[in-house]
Undergrad: 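Structure in structure tokens, see below.
Letters A, B, ... are given to chains in the order of the sequence lines, protein chains preceding strands, and every chain is numbered from 1.
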Number of protein chains: 2
Amino acid sequence: MDAPRIAIDAMGGDAGAATMLAGAALALTSFPDLTFLIVGDEATIRAELARLPKLAAVSEIRHAPDRITGDDKPSQAIRRAKTTSMGLAIAAVKDGAAGGAVSAGNTGALMAMAKLSLRTLPGIDRPALAAIMPSLGDNDVVMLDLGANTECDADNLVQFALMGAAYSRVALDIERPKTALLNIGTEEMKGTDALKEAAAKLRAHPTLPLDFIGNVEADRINRGGVDVVVSDGFSGNIALKAIEGTARFVTDLLRRSFLSSFRSKMGFLLSKPALHLLRVHLDPNNHNGAVFLGLNGIVVKSHGSADAKGVANAIGVAAKLVRDDLNRLIAEDLADYRAASQPPAPQPIAAQ
Amino acid sequence: MDAPRIAIDAMGGDAGAATMLAGAALALTSFPDLTFLIVGDEATIRAELARLPKLAAVSEIRHAPDRITGDDKPSQAIRRAKTTSMGLAIAAVKDGAAGGAVSAGNTGALMAMAKLSLRTLPGIDRPALAAIMPSLGDNDVVMLDLGANTECDADNLVQFALMGAAYSRVALDIERPKTALLNIGTEEMKGTDALKEAAAKLRAHPTLPLDFIGNVEADRINRGGVDVVVSDGFSGNIALKAIEGTARFVTDLLRRSFLSSFRSKMGFLLSKPALHLLRVHLDPNNHNGAVFLGLNGIVVKSHGSADAKGVANAIGVAAKLVRDDLNRLIAEDLADYRAASQPPAPQPIAAQ
């Protein structure tokens with residue numbers, strides 16, 4: 001297939017065009033066949049590209065006179081889809097000028113614009129926000145939904161399970177991802193009605209392209225043994241932020257502890273390589289790139305405060321999903337699921 | 001007031017009577033005026049007390065022929081309230097033989113039994129499970145509900161806010177606790193309808209005995225700036241377990257990092273006092289003792305795997321709440337809240 005072409009919203013995020021383009025340049029070192037459509041203020045982009053000749057050689061610019069800010073409400077943002085860098089980056093995915101889009105801008109606005117412009121895949125009622133989290137197990141964990149849908153029914157959750165498993169297959173090379181519902185206990189009777197019904201549907205289905213392992217509690221997400229964690233967007237967002245906050249909390253405590261005495265400062269200096277490993281493992285920039293699954297097009301959200309390495313990671317995620325055609329995979333899995341869920345065709349009643 | 005008398009379910013928890021009684025003996029060193037009613041198999045308790053003369057001197061034994069196990073369903077457990085150590089410990093609170101009860105047994109069974117036997121306080125529709133979590137701020141944080149109620153309406157959440165604030169006042173000495181709703185964004189429009197309605201009620205109320213500060217996201221729970229975090233039991237349980245799991249995850253990573261080279265092992269040895277501080281801060285035994293708030297009686301759940309220090313902490317929590325009469329405080333706050341929520345008395349319409 002052709003080399004993936006990624007649309008970059010150059011004007012989103014806290015750090016702006018310089019970081020977004022530095023990230024794109026960095027992504028090229030891992031994915032040398034990438035090309036880019038860079039969307040935003042043309043003069044700003046030209047100035048940055050002048051310093052990044054390798055990136056400039058594989059990039060086209062699409063001027064956008066306006067940009068979405070962090071304060072814009074989704075309902076306001078969608079009215080400016082045709083003039084903003086975010087809107088035009090998504091439009092490029094819709095009209096085929098790019099295979100996927102990456103933005104570090106306002107999540108709510110990005111989600112609303114992407115949904116309105118790209119529409120959901122056949123068989124998907126609602127898109128979901130998915131991310132990859134570190135784990136003590138052999139591979140990272142896909143979590144979804146992380147905040148696109150505050151409330152979900154059982155069918156939404158089943159669709160998230162199928163999308164999350166397809167994402168895990170493409171992004172992490174896991175053939176039959178062990179997939180679980182995020183719940184407050186492992187017993188079948190636990191949780192909301194939507195969770196119980198979703199579990200029953202997943203358990204009853206004969207041909208799932210995943211290994212449904214029931215419920216997982218939030219303290220087991222990163223212990224290994226589960227590859228895809230499925231939840232409504234409210235619970236998923238709570239879990240994600242509790243994980244991020246606690247990782248920061250513990251490392252902050254650690255820093256305080258190390259600074260508490262001369263002896264521990266010495267220990268800190270000796271331990272630096274070990275602590276570096278810890279930092280690499282926990283650095284959100286190494287896990288950057290949340291994906292909107294379930295749309296007719298790949299849209300990746302880079303964290304607003306990500307650095308160039310983080311942006312490069314998000315672009316890498318988009319490139320992989322475009323190259324391996326994640327959405328075709330999701331559409332096929334959904335079609336298979338629905339076919340096997342149909343009630344059997346009525347049998348002609350033999351004359352007695 | 002009289003010295004608090006605490007009923008101990010000696011047969012609950014993974015570690016059994018030896019740990020529960022060692023914990024009670026340890027609690028005596030911090031609360032020397034405590035007395036105990038120890039409920040469970042009399043022969044087992046006698047054997048343990050023989051080794052703990054100071055505890056034996058302030059303890060009475062109440063024999064229970066049976067015990068609740070971790071596998072018992074709540075619905076089965078409540079039928080054995082009169083023969084089990086858990087049931088009889090709660091009954092002792094109800095009949096006034098003890099001011100509060102501590103059990104390390106099956107949470108679901110304890111909650112069901114306590115609710116059925118003690119009933120909720122006037123003005124409280126549902127009890128909630130609350131715990132105290134470590135924080136980077138000046139004081140620890142109260143979180144509730146942690147799993148007693150999977151789904152909650154706005155009135156439940158408002159009642160949880162009042163109960164949590166009263167708990168914070170008694171347990172942590174915070175006069176007007178900064179109280180927030182756990183949500184997926186800080187903006188007023190975020191979250192479920194129940195959350196939005198609860199926020200509106202708390203914001204509109206003229207005489208709350210707390211400082212309502214709006215929404216808090218899960219990554220800010222332990223950063224300081226919030227004293228009481230209110231949620232439904234599903235979200236609260238997800239947040240609590242994500243926090244516990246991530247703290248363990250990071251410390252496990254840290255251990256691996258330290259063992260990765262000779263140099264970092266040396267660093268580890270030098271850093272031991274600093275790491276000890278970290279461990280003390282994160283040790284769940286130092287924060288042990290989840291409380292069922294909203295019942296006519298104090299019931300504290302000690303973690304099933306807590307050691308003697310953890311059990312002593314849970315008993316300390318119960319002793320404090322009994323001594324300071326938490327439930328009177330909650331009942332008063334609820335009555336004040338309801339009085340101020342009444343619509344103003346109808347004014348006589350003056351003849352025109």
Undergrad: Of all of N237(A), D219(A), N183(A), which one pairs up most often with chain B through heavy atoms under 4.5 Å apart?
TA: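 Looking at each option in turn, the highest pair count goes to D219(A).
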Undergrad: Let me know if L182(B) has heavy atoms under 4.5 Å from chain A in its side chain, its backbone, both or neither.
TA: both
Undergrad: Mind listing the closest non-hydrogen atom pair of V300(B) and A314(B) along with its distance?
TA: CG1-O, 3.7 Å
Undergrad: By a 4.5 Å heavy-atom criterion (distance strictly below it), what part of R223(B) contacts chain A: side chain, backbone, both, or neither?
TA: side chain
Undergrad: Pick one of side chain, backbone, both or neither for I221(B), based on which atoms fall under 4.5 Å of a heavy atom in chain A.
TA: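 Neither the backbone nor the side chain of I221(B) comes within 4.5 Å of chain A.
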Undergrad: Taking T246(A) for its side chain and A242(A) for its backbone only, find out whether a donor-acceptor pair lies under 3.5 Å.
TA: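 Such a contact is found between T246(A) side chain and A242(A) backbone.
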Undergrad: Looking at D227(B) and T179(B), would you say the former's side chain and the latter's main chain have a donor-acceptor pair under 3.5 Å?
TA: no
Undergrad: Salt bridge check, R126(B) against D145(B): does any charged N sit closer than 4.0 Å to a carboxylate O?
TA: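 R126(B) and D145(B): not salt-bridged.
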Undergrad: For the backbone of I184(B) and the side chain of K241(A), can you confirm whether one donor and one acceptor N or O come within less than 3.5 Å of each other?
TA: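 Answer holds: yes.
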Undergrad: For T192(B), which atoms come within 4.5 Å of any heavy atom of chain A: side chain, backbone, both, or neither?
TA: both
Undergrad: Could you have a look at R220(B), E151(B), R248(B) and say which one has the most heavy-atom pairs with chain A under 4.5 angstrom?
TA: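 Winner by heavy-atom pair count: R248(B).
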Undergrad: Which answer fits L195(B), side chain, backbone, both or neither, if we ask what part of it has an atom under 4.5 Å from a heavy atom of chain A?
TA: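 For L195(B), side-chain heavy atoms alone lie under 4.5 Å from chain A.
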Undergrad: When heavy-atom pairs shorter than 4.5 Å are enumerated against chain B, which of L240(A), T150(A), I243(A) gives the highest number?
TA: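 So the answer, after comparing L240(A), T150(A), I243(A), is I243(A).
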Undergrad: Any sub-3.5 Å donor-acceptor pair from N149(A)'s side-chain atoms to C152(A)'s backbone N or O?
TA: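 Judged by distance alone, no pair lies under 3.5 Å.
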